[in-house]
**Student:** 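Input: one structure, supplied below.
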Amino acid sequence: MNRTRGVSPPIPTIVIVMLGIALVFPPFHLEARAGDVFALRGATVCPASGPAIPDATVVVRDGVIASIGPSATIVTPYDAIEIDAKGLFVYPGFIDARSKVGMPAAAPPAGGFGRGGGGAPVADAGNARDPDAGSFDPSDTVPAATPDDVRRGLQPQRLAAEDLTLDDGAAKPYRDQGITKALTAPDSGLLMGQSALVSLSGRAKRDVLVRNRVALHAAIRTAGFAYPESLMGAIAYLRQTFLDGKRYSLLWQAYEREPMGRRRPPSDEALAALKSALEGTMPVVFEESSKNGIERALKLAAEFGLRPIVEGAGESFKIASTLRDKDVPVIVSLNFGEEPKAKEKEAAAARGEGRSGGRPPGGPGGGGGPGRFRGRRGGRGETQGDAKAETDAPASTETKPQADAKPSAAVEAKPQTDAKTDSAAKAETDAKTDKPKDDAPKSDAKPDAAAGDEKGNIDKKPDAAAKKADDLPDDEDPPAVLAEKHRRWEETVAGPATLAKAGVRLAFETADLKSPADFTKNVALAIEKGLPREAALRALTIEPARILGVDRSMGSIEPGKVADLVAMTAELGDSKAQVRWVFVDGIRFEMKVPEKPASTPGGKSDDAPANAAGTWDATTTMAGGQTISSVMELKQSGAVVTGTVKSQMGEITITSGSVSGKSVSLTASASIEGNAFELTFNGTIDGESMSGTVTSPMGESTFTAARRATPKERLDAHDDSGDDEGGDGR
């Protein structure tokens, strides 16, 4: 009997490799089953609901906290895994009050709605205005009478839980920062949808979804070159939608109370989704950062009886008393931005001495060299005054033949009687009006400081303020502008402290952060700028739990609550603090902590942490000889390293990194065909070079890297090569 066998489609090679490697290379963290029993002994436990308990023990059983107290009073259960936590600080698991974790990275919808305000117009927006411009989709338009199924940027019925894709690879970068729960929500439109609270245990969807339909998320913003194009239009659009929602609820209430003799209202899931928000049983999270934007949101909420929560809230500290009096919680973005600082001060000083392009002071170009008065606009080594002198110089009214005589000679040969007096008067006038003068007659007397120098360069020298601005590099602001930017940055970073002092309910978010690795670092920065450590802890734990309505089961270390814990090597806010253990729903995860460098008999470390910061050009050599080029952008704070790795395969974020002596270890999360995996770089830094190995699911490879010179180093090298005596810098 002949049997026909079907041919199965080939399995992608990458899947086979990853499945095989997964059996050989287990994850770097240790993970225990949810039903295990643990006893953390000897730690300083900070429960968030009360004072810290030194030398305490926490017992975890079946995913919940079984007991907590001084170690002398807590007996370790016979079946528990005992963990020596001496020297560690144990906190409740951190709650990310607004996150993007688990949400698909989709392109902005037609019209340009996007996080942070109106985005750039997209191609379809133009087609919506002009049906003859190409493909035309009627659903992209908003006619005067809006049908129920055409609502640009309004999708209150969208559920984050339905879009959720949260595997262990996506959860790990957040969990490594001590975050155990996160509120995730859609991220575009005016009414973006409803959020979900998720656990970062890395388990299946049914296990990580803590609570669905937590809050409705909204933003008052424009849509680029499509309706609504103005804030007035956006507010009117939202008001009309909420009015439609109230009317829809009233129609259905009347119909359900007495359906006889009434026409059944149409079914509209978008308007039906507004019911809980309009009744005040579901909070509405308004994504607003400016003071005016927050005030607009509060007025809209008051008009329709909504329970507002302000998210982003960069300038919320400016109306802290209003937020406190109205009992409006605030979810503060930890994306403070880079601190505005003066760049390349030494390079600016060098340019002030005229060492630009390698020419010595007083070289060709007039003044003190081409770079002497280099402004932010020029960028070509010439002063704005020089350029203006060419156009402002008065044209000669005398048509004198210029046979073989040079123009300058002809001018000098001309009798200087009354003309000389006129020229002197004009030079004085030009000096008063800050106009440079190139063609003023020469005199035997040395010109004064306002008129020029001994070499005939009579450009007016700028005053001190102008010189400071002109000496700056092209990419740097004048001192006054820089000072104002720094003042505003200081206000923003101190904002959480201002809110806490005013008594505003406060929580933190990661939604705007470039990398989750910045989370605890920026919390430490807020503490440094005045936020009390206890207030910071509450903003990470019990306060977001209360704001989101889950404080009965999480947010503090108390018997019966979910076993979400984070153990750190130092106090919260300490720049040296690192996460050592994380428990999510009672599941234990152990993090790598770099070993301390060996000490000499004198008590000093053999090697201080090497400098890993900078831009590195790296080359990875695979086992078969194939090479891959990449660029590593690294930042360093103490022994902690963060950054990104860019190659032709895309950009990946370093989720954890450290330096110990000359050794550097970096872990980055990547994804191929939807499969998440890790890359681990282990290398040695030797001055401006780095080399080592890269471990990935495909095996182990080698890499080398060279650090790029900084702008100052490049400038110094350029100056050194062009400062030879008698040289012209070429």
Side-chain angles (χ1 to χ4, degrees), residues 25 28 176 338 343-347 515 517-518 521 569 575-576 578 591-649 651-670 678-721:
F25 296 96
F28 81 92
D176 287 351
E338 294 292 334
K343 302 176 184 176
E344 304 182 57
K345 291 183 178 179
E346 297 82 1
S515 167
D518 294 334
K521 180 182 70 174
T569 58
S575 60
K576 297 179 181 179
Q578 298 182 55
M591 312 303 167
K592 281 185 176 179
V593 176
E595 297 180 0
K596 296 181 179 180
S599 299
T600 60
K604 295 183 179 180
S605 299
D606 290 335
D607 296 306
N611 179 22
T615 302
W616 298 79
D617 293 310
T619 301
T620 302
T621 304
M622 312 295 287
Q626 179 186 4
T627 60
I628 298 176
S629 298
S630 60
V631 177
M632 306 169 70
E633 296 279 357
L634 304 183
K635 296 181 181 180
Q636 184 172 344
S637 176
V640 179
V641 180
T642 58
T644 59
V645 180
K646 302 177 184 177
S647 69
Q648 63 265 36
M649 304 298 292
E651 178 178 331
I652 57 177
T653 300
I654 295 172
T655 55
S656 63
S658 61
V659 175
S660 177
K662 294 184 178 180
S663 299
V664 59
S665 177
L666 309 172
T667 301
S669 296
E678 289 182 347
L679 296 174
T680 303
F681 297 79
N682 290 302
T684 302
I685 298 176
D686 185 7
E688 304 305 304
S689 301
M690 186 189 337
S691 60
T693 61
V694 184
T695 304
S696 71
M698 280 65 77
E700 188 174 281
S701 309
T702 60
F703 80 94
T704 58
R707 180 161 29 207
R708 292 181 186 175
T710 64
K712 178 183 181 302
E713 292 169 340
R714 291 196 297 269
L715 178 68
D716 291 343
H718 190 62
D719 288 341
D720 292 341
S721 65

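The chain is numbered in sequence order, starting from 1. Here the structure is a predicted model, which means the values were calculated and not measured. For the numbers below, each heavy atom of this structure counts, side chains included, while hydrogens, waters and symmetry mates do not.
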**Student:** To the nearest 0.5 Å, tell me how far Asp617 CG sits from Arg707 CZ.
**Tutor:**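 CZ of Arg707 is found 12.0 Å from CG of Asp617.
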**Student:** Rounded to the nearest 0.5 Å, what's the gap from CG on Leu634 to CG on Leu666? Could you check?
**Tutor:**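 It comes to 6.0 Å.
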**Student:** Residues in side chain to side chain donor-acceptor pair (under 3.5 Å) with Thr615, at least two apart?
**Tutor:**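 In terms of side chain to side chain donor-acceptor pair (under 3.5 Å), with neighbours along the sequence ignored, Thr615 is linked to Glu633.
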**Student:** Verify, without hydrogens or angle tests, whether Glu688 (side chain) and Ala709 (backbone) share a donor-acceptor contact under 3.5 angstrom.
**Tutor:**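 Between the backbone of Ala709 and the side chain of Glu688 there is no qualifying donor-acceptor contact (under 3.5 Å).
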**Student:** As an exercise, state the distance from CH2 of Trp616 to CZ of Phe703, rounded to the nearest 0.5 Å.
**Tutor:**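 That separation rounds to 9.0 Å.
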**Student:** Report the distance from atom CD1 of Ile654 to atom OG1 of Thr644, rounding to the nearest 0.5 Å.
**Tutor:**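 So the CD1 of Ile654 and the OG1 of Thr644 are separated by 7.0 Å.
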**Student:** Roughly how far apart are Lys635 NZ and Glu338 CD, rounded to 0.5 Å?
**Tutor:**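 It is 4.0 Å, given to the nearest 0.5 Å.
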**Student:** Between atom CD1 of Ile652 and atom NZ of Lys646, what is the distance when rounded to the nearest 0.5 Å?
**Tutor:**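 Result: 12.0 Å between the selected atoms.
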**Student:** Under the side chain to side chain donor-acceptor pair (under 3.5 Å) rule, collect the residues that match up with Asn611, sequence neighbours excluded.
**Tutor:**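 Side chain to side chain donor-acceptor pair (under 3.5 Å) list for Asn611, sorted by chain: empty.
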**Student:** Can you see which heavy atom on Ser647 is nearest to which on Ser629, and at what distance?
**Tutor:**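 The pair with the smallest heavy-atom distance is CB-O, 3.5 Å.
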**Student:** For a 4.5 angstrom cut-off between non-hydrogen side-chain atoms, does Lys576 reach Thr569?
**Tutor:**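 They are not in contact (no side-chain heavy atoms under 4.5 Å apart), so the answer is no.
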**Student:** Please report the shortest heavy-atom distance between Thr621 and Ser701, naming the atom on each side.
**Tutor:**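 Shortest heavy-atom contact: O-CB, 3.3 Å.
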